[in-house]
Amino acid sequence: MRQTTKKRIFDIIQIGRRPDVASRAFDYLLVAVIIVNILTMILETYDRFESWYGLFGIIEILCMVFFCVEYVLRIWTAPLLYPGETKGRAVFKFLISFDGIVDLLTILPFFFLSGFVVFRMLRVVRIFHLFRLNANYDSFNVITSVISEKRNQILSSLFILLVLMVAASLCMYSAEHEAQPDVFDNAFAGLWWAVSTILTVGYGDMYPVTFAGKLLAIIIAVLGVCVVAIPTGIISAGFVEQYTKLQRDAGMSRGTVALNAEAGSGLVGLNLQKLDDRFGIVPLVIIRDGNVILPTDDVVIATGDTLVYYSDVI
């Protein structure tokens, strides 16, 4: 009976299936609580609503109770999220996962509101709760897949950007220090100017006045536009590749097999690693409630899923 209850709670808070009324209701409730909590946090910054601070405090307490209960339930059902793992290891994997960290950082600041400023600032982290509602579907997975696959190119472009900023700061310091000793008083001041210029922010609080400084500023600004465009192009190309791959895999008919995960099939509740180990199946895509899901390590097979995978035997 207890195991059945745990499985039901897991389906409601983790899977998010459209036909499941309770699961969809929980998703909507979660969104509503997050939005109300964020709006309350914003309204608390207005002095004109000072008479409402008491009500805002009650709302925040109720929201925190909801988040705490949700966090405890997710820890309790963690073994179902990571089947095959021991209870302790499953809980640990959840605690260090994206959802687990966001949940903890959402709750923690509430108990330290009068403490360090950093804890009060962490209240903003609760916004990232919204990512969970789309975490298993293509729009969120494409982003993480692109960043993961293009990480070496992105890191290389960021390294080039860093080198350019350091070089620009030192050059500008050398060119402007004598003319503006109070403005460009050290290399870090030049770095601040380089960052605001290369990233096209241009606050205007610092600017060159010498001919050499102005000439360097022109060159650095042009190079900055080119360098900043590099990671943008890499990520854009990655999006095109991912969506092309997704459409190709979803539309493949020759050489692929569609397998329905029904109750009793032994597939339900398995993550992709266990699915590969037990059945030798590596899905190209997973179709769930009409949505195409990219197969990632944290995806758990649910009842009614359709697994599309490549097979040499047709």
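Both backbone and side-chain heavy atoms feed into the values below; hydrogens, waters and symmetry mates do not.
When all heavy atoms of L216 and C171 are compared, the closest pair comes out as CD1-O, 3.8 Å. A pairwise comparison of heavy atoms in V300 and D305 identifies O-OD2, 4.2 Å as the closest pair. The two atoms that bring C63 and N37 nearest to each other are CB-ND2, 3.3 Å, heavy atoms only. F184 and Y207 get closest at one heavy-atom pair: CE1-O, 4.0 Å. Taking each heavy atom of Y53 and L43 in turn, the nearest pair found is CE2-O, 4.5 Å.
When side chains are defined from C-beta on, E44 does not count as touching F49, because their heavy atoms never get closer than 4.5 Å.
Residues passing the side-chain contact (heavy atoms from CB on, under 4.5 Å) test with S97, sequence neighbours excluded: Y82, F94, D99. Every residue meeting the side-chain contact (heavy atoms from CB on, under 4.5 Å) condition with F159, not counting sequence neighbours, appears here in chain and number order: V163. With sequence neighbours excluded, the residues forming a side-chain contact (heavy atoms from CB on, under 4.5 Å) with I58 are L62, listed by chain and number. Considering only residues two or more places apart in sequence or on other chains, P208 meets the side-chain contact (heavy atoms from CB on, under 4.5 Å) condition with M172, E176, W193, K214, A217. For R151, there are no salt bridge (Lys or Arg N to Asp or Glu O under 4.0 Å) partners at least two apart in sequence or on another chain.
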N/O donor-acceptor pairs under 3.5 Å from side chains in residues 229-240, not counting sequence neighbours:
from	atom 1	to	atom 2	distance (Å)
T232	OG1	V228	O	3.3
S236	OG	T232	O	2.8

I75 and L95: side-chain contact (heavy atoms from CB on, under 4.5 Å), yes or no, with the steps?
CA-CA 8 Å; I75 293 176; L95 293 176; 4.0 Å; yes
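Looking at T197, its side chain never comes within 3.5 Å of a backbone N or O of A194 through a donor-acceptor pair. With hydrogens and angles ignored, the 3.5 Å screen pairs no side-chain donor or acceptor of R278 with any backbone N or O of L267. Judged by distance alone, the side chain of D185 and the main-chain N or O of D182 form no donor-acceptor pair under 3.5 Å.
Other residues, nucleotides and ligands place no more than 12 heavy atoms under 6.0 Å from the CZ atom of F92.
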